Amino acid sequence: MTSPAGANHISSRDNPLLKDLRKLAQDPGAYRKLGRVWLEGDHLCRAALARGIRPAVAVFSESFWPSAPAEWASSAIKTVVVDDDLLRAVSGLESPAPMGFVLDLPARPELLPDAPSVVLDRLQDAGNAGSILRSAAAFGFKQVIALKGTAALWAPKVLRAGMGAHFGLRLIEGVEADALDELKVPLVATSSHRGDWLHETRLPHPCAWLLGHEGQGVSAALEARASRHIRIAQPGGEESLNVAAAAAICLHASGAAALVQAAS
């Protein structure tokens, strides 16, 4: 059946597209198998369009479709309208969104040896990973290298926490630590117990920040590769910071130092 303006109408839960959407929305690693990414909600969809990304499929609920902005309705290669209940069943959210985009999974980019970078070492929490991507994009670190064992970067929870940062970053995931041998910038490791105090040191730029596992920190093997170790003063007396909070502080300091360097 065809809806107005040429959109295809889906009314069966057994539709192949809906089956794929359920997998993409609920299985963090499904995008690797299907080669596609599901963006749920207008914020992520706007962010993708702002970066010039053309969706493979635009998906709208039946009740939202009549009021959908024209630029969304015409943005994708294919547009589908789905019964409200069926689209709600796809979502992994408590308050499902009435629209979303399906993107083709971007090809993994080549590692840029001289780029300001962030290295994720076995981070497990999707919220932390997405928050770090957001900080990286905000503070000028356009390349993120996720070592094996790190949360899947294009998983739904990481996408939501990233708030659109994905579309402005070079995301290289699933690599071994040996891939860091290609980097020509100094490696800077975060630490809770040793190294230079962040507020007292002059940071190199560009550099690659090493951010480690929530409980174990940066691995010993990766620490051995670092040319600098940095710790954050905590006058309140806490033992350590959440890795996403530490990343935001370090990346802001590093980005600010780069601005000063460029202005001098």
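Because the structure is a prediction, the values reported are computed rather than measured.
Looking at L49 and P55, their side chains come closer than 4.5 Å, going by heavy atoms from C-beta outward.
In the hydrophobic clustering of this structure, I145 groups with L222; members are Ile, Leu, Val, Met, Phe, Trp, Tyr whose side-chain heavy atoms approach within less than 4.5 Å, directly or through other members. If you chain together hydrophobic residues whose side chains sit under 4.5 Å apart, L120 and L210 never meet in one group. Linking ILVMFWY residues whenever their side-chain heavy atoms come closer than 4.5 Å, directly or via other members, places V243 and F141 in the same cluster. Hydrophobic cluster membership is shared by V37 and V57, with clusters built from Ile, Leu, Val, Met, Phe, Trp and Tyr side chains linked at under 4.5 angstrom.
For R36 and D104, the salt-bridge test passes: some basic side-chain N is under 4.0 Å from an acidic carboxylate O. At a threshold of 4.0 Å, the pair R225-D181 counts as salt-bridged, since one of the basic side-chain nitrogens sits closer than that to a carboxylate oxygen. Salt bridge status for K23 with D27: absent, with no side-chain N to carboxylate O gap under 4.0 Å.
When atom types are taken as modelled, the side chain of D83 and the backbone of D85 share no donor-acceptor pair closer than 3.5 angstrom. The backbone N or O of E62 lies less than 3.5 Å from a partner atom in the side chain of D84, making a donor-acceptor pair. No donor-acceptor pair under 3.5 Å is formed between the side chain of S191 and the backbone N or O of R231. Side-chain atoms of D121 come within 3.5 Å of backbone atoms of S219 as a donor-acceptor pair (strictly under, hydrogens ignored). Between the side chain of R170 and the backbone N or O of E110 there is at least one donor-acceptor pair closer than 3.5 Å. For R108 (side chain) and E173 (main-chain N/O), a donor-acceptor pair under 3.5 Å exists by modelled atom type. In this structure, R51 contributes its side chain and R46 its backbone to no donor-acceptor pair below 3.5 Å. When atom types are taken as modelled, the side chain of S135 and the backbone of A247 share no donor-acceptor pair closer than 3.5 angstrom. The backbone N or O of A97 sits less than 3.5 Å from a side-chain atom of E40, completing a donor-acceptor pair. Judged purely by atom type and a 3.5 angstrom limit, E214 uses its side chain to pair as donor or acceptor with the backbone of Q124.
For K78, the NZ atom counts as loosely surrounded, since its 6.0 Å shell holds 12 or fewer non-hydrogen atoms of other residues, nucleotides or ligands.
Here the closest heavy-atom approach between residue F101 and residue S75 is recorded as CZ-OG, 3.5 Å. L87 approaches P98 most closely through the heavy-atom pair CD2-O, 3.7 Å. In this structure, P206 and P186 approach most closely via the heavy-atom pair O-CD, 3.4 Å.
Remark: H229 NE2 to T190 OG1 distance equals 9.0 Å, nearest 0.5 Å. The distance from the CZ atom of R160 to the CG atom of L44 is 8.5 Å, given to the nearest 0.5 Å.
Listed by first then second residue, pairs satisfying ring pair (Phe, Tyr, Trp, His ring centres under 6.0 Å) with a partner in residues 236-259 read F139-H252, not counting sequence neighbours.
Residue H166 forms a side-chain contact (heavy atoms from CB on, under 4.5 Å) with just one option from V144, L103, L133, and that option is L133.
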**Request:** Go through V175 and L147 one step at a time and tell me if the side chain to side chain contact (heavy atoms under 4.5 Å, CB included) criterion holds.
**Result:** CA-CA 5 Å; V175 300; L147 302 187; 3.7 Å; yes
